[in-house]
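Values below: every heavy atom of this structure, side chains too, minus hydrogens, waters and symmetry copies. Remember, it's a predicted structure, so these values are computed and weren't measured experimentally.
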Amino acid sequence: MNPEYPCIVQRDFTILLEMGLPRSEYARSQLQVYAELVKSPSAFHTYHITPLSLWNAAALGWSAEDIQNSLQSTSRWDIPLDLLKDIEQLVSRYGKLTLSRARVEDVQATSEEMEKGTVDSYTVGGHLILTADTPALLKELLIKQELKQLGLHRTGEVSASVPPENRGLLKQELIRLGYPVVDTAGYLEGNQLRFSLGQGQAKLQLRDYQVEAADAFEGADGLGGSGVLVLPCGAGKTVIGMAVMDRLQCEVLILTSNTTSVRQWIGELKQKTDIPVDSIGEYSGQKKEVRPITVATYQILTHRRSKDGEFEHMKLLSERKWGLIVYDEVHLLPAPVFRATADIQATRRLGLTATLVREDGCERDVFSLIGPKRYDMPWKELEQQGWIAQVDCVELRLPMTAELLERSMRAEGRQQYRIAAENPAKLEAVHSLMQRHSGLPTLIIGQYLDQLRTLARELDVPLITGSMSQTERVRWFDAFRKGTIRTLLVSKVANFAVDLPDAAVAIEVSGSFGSRQEEAQRLGRILRPKSGENKAYFYALVTENSKETDFAARRQLFLIEQGYEYAVHRFNAAEVMGSADDEAAEGGKKREA
């Protein structure tokens with residue numbers, strides 16, 4: 001027993017991490033590589049090891065021995081031997097199956113074996129080859145009806161062929177069966193496009209971690225070409241995407257979350273590369289330009305005239321001979337695009353995101369169809385290097401009036417949550433926080449339009465919602481960037497891909513229930529480096545003793561895993577008007593992150 005070691009590792013793949021011990025932070029930095037945070041009360045955090053978390057670690061280069069040593073270096077008691085064996089067995093599955101292109105010798109070997117009667121007469125010419133590490137594994141897979149339907153046919157003792165058009169579907173099905181595939185079948189080169197990073201003699205200077213991320217996508221052996229790069233908001237994921245494009249020198253389709261993001265990408269491409277302006281196209285609700293570099297929204301790809309109609313614009317994925325498809329904010333990838341992505345596995349695929357957390361449980365589809373995690377930069381590491389702002393996080397709890405409490409008790413389910421989320425007391429709290437941070441660029445972010453309209457009216461600040469025209473949104477965002485206005489009220493449209501580098505305060509008045517993804521993205525709006533002390537402030541306004549309190553705890557999980565702490569305070573206008581440092585010194589309870 002090592003009483004100073006912070007982890008209690010249990011047989012059911014659960015790990016309890018005791019906070020406040022000398023090795024707690026080290027243990028957390030290790031666990032976030034191969035385990036998922038489930039709960040985060042202040043004393044003990046609960047992590048869970050899953051097959052996918054282990055396979056992502058394996059894709060980053062971690063072996064079963066590395067993970068076992070990591071656990072043993074932080075565990076208070078001896079780790080159950082059965083658990084160590086299970087970890088070894090699960091990690092070993094990454095690499096048991098490899099997908100490659102059929103070679104001449106594969107066809108010849110098949111002919112020889114057909115004469116012996118060991119394979120059928122199926123022709124492998126032009127097919128892909130799935131290779132297993134043992135004959136027993138291949139035999140186990142070949143009896144699966146769902147794999148037979150994809151055209152999987154034996155070609156040798158440890159190999160089978162599959163039609164290239166089923167490349168993505170095969171990988172999806174195999175990961176569902178518990179066997180991730182290492183895909184080395186290669187990619188189409190795509191149409192060439194010659195360009196450079198930078199304008200004229202001024203070359204774009206990449207930060208060290210941006211070079212590392214591009215290297216990780218390329219692969220140590222140069223055989224990379226699919227995968228996800230995970231970095232915080234404000235870390236320059238767009239620049240990393242352009243660095244990958246520069247290495248490939250090909251035509252590129254970039255998919256992102258909204259028209260604002262489309263135009264931000266186009267602006268960055270025009271500013272940071274010498275790609276001719278007429279080679280860059282926007283494909284959105286407003287424009288339909290297909291150019292060598294085309295930037296489109298997920299929404300336009302998934303648009304259809306009726307519920308049962310066709311996705312009219314999905315043809316964009318095969319409109320040109322793309323050499324690379326960039327999936328910006330890949331955690332938002334809609335299900336129909338997943339299905340289309342299964343058909344274009346011969347095209348290189350780059351996923352960019354601040355978090356791989358998905359609330360729909362489709363993380364395995366990202367792994368199999370876009371690719372595994374290739375690079376993961378911890379948020380706090382970038383903060384320590386000064387590349388993103390240091391953020392003080394506060395959960396401000398507000399009471400309910402007797403009348404509001406009675407309404408809540410009579411309501412059910414989601415309505416209870418909404419009553420708490422729209423607590424009128426939040427108006428006073430917002431007003432106090434705005435006064436406290438007077439002069440700092442401030443975003444007020446919420447879920448419910450009625451609540452936001454009330455705040456806009458009472459505070460006399462502009463409100464941006466999904467119904468606002470793109471032109472008007474751009475006008476308000478530009479005014480905020482220039483400092484003409486210092487406060488913006490924004491609905492969910494500002495959750496993703498809105499570049500407001502000077503924003504230093506974010507006040508969250510309501511959110512999408514327990515969405516970890518949304519909380520991370522909202523905090524990301526204020527992460528750009530700041531002049532002076534490089535500091536920003538994030539406030540989550542929560543009605544105490546309500547459903548909102550429980551959802552808030554879940555919302556904060558991802559950020560807590562990244563090392564952020566939420567100071568928890570009961571709202572007091574006088575206290576809010578004081579300094580953040582004074583509040584912390586007065587003993588505000590902290591929810592460890």
- Query: Is there a donor-acceptor pair under 3.5 Å between the side chain of S24 and the backbone N or O of L21?
  - Reply: yes
- Task: Identify, with sequence neighbours excluded, every residue that meets salt bridge (Lys or Arg N to Asp or Glu O under 4.0 Å) alongside D66.
- Result: none
- Message: One pair to check against side-chain contact (heavy atoms from CB on, under 4.5 Å): E533 and Q390. What are the steps and the verdict?
- Response: CA-CA 9 Å; E533 60 181 352; Q390 176 187 345; over 6 Å; no
- CG on L398 to OG on S546, rounded to 0.5 Å: 10.0 Å
- Message: Does any part of the side chain of N56, heavy atoms only, come nearer than 4.5 Å to the side chain of E363, both counted from C-beta?
- Response: no
- Only residue of L356, L333, T353, T341 satisfying side-chain contact (heavy atoms from CB on, under 4.5 Å) with V366 is L356
- Message: Run the side-chain contact (heavy atoms from CB on, under 4.5 Å) test on I8 and E18 for me, step by step, so that the C-alpha distance in whole Å, both residues' side-chain angles and the decisive distance to 0.1 Å come before the verdict.
- Response: CA-CA 8 Å; I8 300 171; E18 183 175 357; 5.9 Å; no
- Is the closest side-chain donor-acceptor distance between T355 and Q517 under 3.5 Å? no
- Note on the structure: For G241 and L352, the nearest pair of non-hydrogen atoms, with its separation, is CA-CD1, 4.3 Å
- Item | Side-chain donor-acceptor pair present, S257, E329, cut-off under 3.5 Å | no
- Would you mind reporting whether E519 and F538 have side-chain heavy atoms less than 4.5 Å apart? yes
- State whether F217 and R348 meet the cation-pi test: NZ (Lys) or CZ (Arg) under 6.0 Å from the six-membered ring centroid, and within 45° of the perpendicular axis. no
- Once you round to the nearest 0.5 Å, how far does CG of L332 lie from CD of Q299? 8.5 Å
- Message: Does this structure show an ion pair linking D215 with R247, if we count only N-O contacts that are shorter than 4.0 Å?
- Response: yes
- Query: Is a side-chain donor or acceptor of Q451 paired with a backbone partner of A421 at a separation under 3.5 angstrom?
  - Reply: yes
- Item | Side-chain heavy atoms of R516 within contact of R554, under 4.5 Å | yes
- Closest non-hydrogen atom pair between G514 and F551, with its separation: N-CD2, 3.5 Å
- From the list R397, R418, R414, K426, salt bridge (charged side-chain N to carboxylate O under 4.0 Å, His left out) with E548 holds only for K426
- Given D392 and K535, is the salt bridge (Lys or Arg N to Asp or Glu O under 4.0 Å) satisfied, shown in steps? CA-CA 8 Å; D392 283 350; K535 203 166 186 180; 3.4 Å; yes
- Heavy atoms, side chains only, cut-off 4.5 Å: are C393 and L523 in contact? yes
- Message: Enumerate the ring-ring contact (aromatic ring centres under 6.0 Å, His included) contacts for residues 440-459, please, sequence neighbours excluded, ordered by first and then second residue.
- Response: none
- Message: Please check this pair: side chain of R473 against backbone of M468, looking for a donor-acceptor N/O pair closer than 3.5 Å.
- Response: yes
- Note: I560 and S40 closest approach over all heavy atoms is CD1-OG, 3.0 Å
- Message: Taking E518's backbone N and O only, do any of them form a donor-acceptor pair with S515's side chain (distance below 3.5 Å, no angle check)?
- Response: yes
- Query: Between atom CG of L489 and atom OG1 of T442, what is the distance when rounded to the nearest 0.5 Å?
  - Reply: 10.5 Å
- E25 side chain reached by M19 side chain, heavy atoms, under 4.5 Å: yes
- Message: With a 3.5 Å distance limit and no angle check, can you tell me whether S196 reaches the backbone of T273 through a side-chain donor-acceptor pair?
- Response: no
- Message: Could you check whether Q30 and S70, counting side-chain N and O atoms only, form a donor-acceptor pair closer than 3.5 Å?
- Response: yes
- Message: So does N258 get a backbone contact from the side chain of S261, meaning a donor-acceptor N/O pair under 3.5 Å?
- Response: no
- Message: For a quick check under 3.5 Å, do E282 and S284 share a side-chain donor-acceptor pair by atom type?
- Response: yes
- Query: How would you list, by chain and number, every residue that makes a ring-ring contact (aromatic ring centres under 6.0 Å, His included) with F367, sequence neighbours excluded?
  - Reply: none
- Can you name the ring-ring contact (aromatic ring centres under 6.0 Å, His included) partners of Y283, sequence neighbours left out? H313
- F571 and S432: which non-hydrogen atoms are nearest, and at how many Å? CZ-OG, 4.0 Å
- Could D478 and R481 be called an ion pair, given the rule that one side-chain N must be under 4.0 Å from one carboxylate O? yes
- So do the side chains of E561 and L557 get within less than 4.5 Å of each other, counting heavy atoms only? no
- Task: Without swapping roles, check the side chain of E472 against the backbone of S469 for a donor-acceptor pair under 3.5 Å.
- Result: no
- Could you tell me which residues satisfy salt bridge (Lys or Arg N to Asp or Glu O under 4.0 Å) with E544, sequence neighbours excluded, listed by chain and number? R570
- Message: Please check: side-chain N/O of R522 versus main-chain N/O of I507, any donor-acceptor pairing under 3.5 Å?
- Response: no
- Please tell me if the side chains of Y327 and L369 come closer than 4.5 Å, counting only heavy atoms from C-beta onward. no
- Task: Please check if atom NZ in K547 has more than 12 non-hydrogen atoms from other residues, nucleotides or ligands closer than 6.0 Å.
- Result: no
- Item | Where I388 and C233 come nearest, the two heavy atoms and their spacing | CG2-O, 3.9 Å
- On the 0 to 90° scale, with breaks at 30° and 60°, tag the Y537-Y539 ring pair as parallel, tilted or perpendicular. parallel
- In sequence, state the C-alpha distance, the side-chain angles, and the governing distance for L500 and R525, and then conclude on side-chain contact (heavy atoms from CB on, under 4.5 Å). CA-CA 7 Å; L500 300 171; R525 301 282 72 79; 5.7 Å; no
- For residues P372 and R374, determine if any side-chain heavy atom of one lies less than 4.5 Å from a side-chain heavy atom of the other. yes
- Task: Please report the C-alpha distance between E422 and S510 in whole Å, then the side-chain angles of each, then the deciding distance to 0.1 Å, and finally whether the side-chain contact (heavy atoms from CB on, under 4.5 Å) criterion is met.
- Result: CA-CA 7 Å; E422 295 185 304; S510 55; over 6 Å; no
- Note on the structure: Rounding to 0.5 Å, atoms CD (E428) and NE2 (H431) come to a distance of 9.5 Å
- Item | Any residue meeting ring-ring contact (aromatic ring centres under 6.0 Å, His included) with Y298, in chain and number order, not counting sequence neighbours | none
- Query: To the nearest 0.5 Å, what is the distance between CD (E565) and CD (E395)?
  - Reply: 13.5 Å
- Distance-only side-chain donor-acceptor flag, T465 / S467, under 3.5 Å: yes
- Item | Separation between CG of L60 and OH of Y34, rounded to the nearest 0.5 Å | 13.5 Å
- Task: Quick one: closest heavy-atom pair of K530 and A504, and the distance?
- Result: CE-CA, 3.8 Å
